[in-house]
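Heads up: numbering here begins at 1 and tracks the sequence.
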Amino acid sequence: MLLETRPKHAFAALNWVVDNVADFGGDATRVAIMGDSAGGNLAAVTALRARDTGSPALCAQVLVYPVIDGTARFPSWEENAEGYLITAAAIGWFWEQYLATLEDAENPYASPAKAKSLAGLPPTLMLVNEYEVTRDECLNYGRMLTEQGVPVQVELYSGLVHGVYWMTGAVPRSAELHSAVVEFLGKQFAR
């Protein structure tokens with residue numbers, strides 16, 4: 001049940017934005033999608049669904065330390081399993097809550113890294129932190145996108161942990177991530 005509804009809700013929200021953005025002075029030809037952590041997963045899944053259905057056209061996607069593969073167990077799962085805000089056990093628990101069955105982790109609308117093809121996705125900015133359980137799966141997804149012809153900019157931030165994007169009051173370096181997003185989207189929207 002959960003797998004069937006959350007990504008569809010995100011896709012419905014994207015379509016609502018595209019259908020109504022002109023009412024707010026926006027341009028439906030310059031729409032990007034962005035998310036962090038589980039929201040990064042939903043953003044990546046929504047971009048896949050938009051590509052697969054042929055609409056809406058996205059000019060970019062921004063994935064901030066996304067949780068991208070429900071089956072991945074790269075070295076960062078062990079290296080950063082404990083002590084860095086989000087534990088490997090917590091990520092595993094979140095997947096268990098999200099998926100209706102373990103087999104759903106093979107579904108690209110749950111684990112975008114499982115898609116047969118990533119070609120045709122919009123230009124992507126991927127922000128990844130050093131002390132992140134999912135660091136290596138993010139880097140792997142960035143490589144997969146590049147190999148399939150998607151323009152990708154991957155930024156790896158040394159010394160930072162999961163959730164730092166929202167820690168502007170406590171972690172001044174979060175401004176580095178914000179600046180990267182602003183610069184990337186500025187270039188994409190100018191096209």
Side-chain angles (χ1 to χ4, degrees), residues 2-3 5-7 9-10 13-14 32-48 60-102 104-115 118 121 124-146 152-185:
L2 294 179
L3 177 60
T5 59
R6 287 190 180 132
H9 291 323
L14 172 63
I33 193 161
M34 178 179 168
D36 77 305
S37 190
N41 172 285
L42 290 175
V45 166
T46 301
L48 272 175
Q61 67 176 336
V62 177
L63 307 176
V64 181
Y65 40 79
V67 181
I68 211 79
D69 185 346
T71 65
R73 295 300 179 269
F74 288 99
S76 61
W77 270 76
E78 289 183 27
E79 293 169 14
N80 302 318
E82 302 262 339
Y84 298 109
L85 193 61
I86 298 292
T87 66
I91 297 286
W93 184 84
F94 294 140
W95 275 113
E96 289 171 13
Q97 306 317 300
Y98 183 61
L99 302 173
T101 68
L102 292 177
D104 284 341
E106 297 293 334
N107 184 327
Y109 291 146
S111 297
K114 298 297 182 184
L118 299 171
L121 287 172
T124 302
L125 173 63
M126 175 99 59
L127 305 181
V128 186
N129 296 327
E130 179 181 12
Y131 297 114
E132 182 80 53
V133 173
T134 61
R135 177 195 68 215
D136 295 342
E137 73 187 71
C138 292
L139 295 173
N140 184 62
Y141 191 65
R143 280 189 293 274
M144 291 171 64
L145 288 165
T146 299
V152 180
Q153 177 182 334
V154 176
E155 300 290 336
L156 177 60
Y157 295 91
S158 62
L160 296 181
V161 299
H162 192 89
V164 74
Y165 189 83
W166 302 107
M167 298 179 190
T168 55
V171 182
R173 285 194 60 209
S174 67
E176 294 174 34
L177 282 76
H178 292 227
S179 294
V181 171
V182 169
E183 182 179 331
F184 176 79
L185 288 177

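Counting only distance, with no hydrogens or angles, the side chain of Ser111 and the backbone of Ala105 share a donor-acceptor pair below 3.5 Å. Between the Asp104 side chain and the Leu99 main chain, no donor and acceptor come within less than 3.5 Å of each other. Ser76 places a side-chain N or O within donor-acceptor distance of the main-chain N or O of Asp136, the cut-off being under 3.5 Å. With Gln153 contributing its side chain and Leu125 its backbone, the two residues share no donor-acceptor pair below 3.5 Å. With Asn80 contributing its side chain and Tyr131 its backbone, the two residues share no donor-acceptor pair below 3.5 Å.
Of all non-hydrogen atoms in Ala47 and Ile33, the two that sit nearest each other are CB-CG2, 4.4 Å. When all heavy atoms are compared, the tightest approach of Val152 to Val154 is CG1-CG2, 3.6 Å. Shown here for Leu118 and Pro112, the closest heavy-atom pair between the two residues is CD2-O, 3.7 Å. Across all their heavy atoms, Ala44 and Tyr141 have their closest contact at CB-OH, 4.3 Å. Ala72 approaches Trp77 most closely through the heavy-atom pair O-NE1, 3.4 Å. The heavy-atom pair separating Thr87 from Ala90 by the smallest distance is OG1-N, 3.0 Å.
Relative ring orientation between His162 and Tyr65 is described as tilted, the plane-to-plane angle lying within the 30° to 60° band.
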* Just do the side-chain contact (heavy atoms from CB on, under 4.5 Å) check on His178 and Tyr165 with the steps written out, would you? => CA-CA 7 Å; His178 292 227; Tyr165 189 83; 3.6 Å; yes
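Atom CG in Leu63 sits 9.5 Å away from atom CG in Asn41 (nearest 0.5 Å). For the atom pair CG of Leu156 and CD of Glu130, the computed distance is 7.0 Å after rounding to the nearest 0.5 Å. Here the CD atom belonging to Glu132 is positioned 13.0 Å from the OH atom belonging to Tyr157, to the nearest 0.5 angstrom. Taking CZ of Arg73 as the reference point, atom CD1 of Ile91 lies at 9.5 Å (rounded to 0.5 Å). The line from OH of Tyr109 to OG1 of Thr46 is 10.0 Å long, rounded to the nearest 0.5 Å.
Asn129 places a side-chain heavy atom less than 4.5 Å from the side chain of Leu177. Counting heavy atoms from C-beta outward, Met167 and Leu85 have side chains that approach closer than 4.5 Å.
Each of Lys114, Glu137, Met126 was evaluated against Ile68; a single residue qualifies, Glu137, per the side chain to side chain contact (heavy atoms under 4.5 Å, CB included) test.
Side chains of Thr124 and Gln61: a donor-acceptor N/O pair is present below 3.5 angstrom, by distance only.
Legend: salt bridge (Lys or Arg N to Asp or Glu O under 4.0 Å) pairs involving residues 157-184, not counting sequence neighbours, sorted by first then second residue: Arg173-Glu176, Glu183-Lys187.
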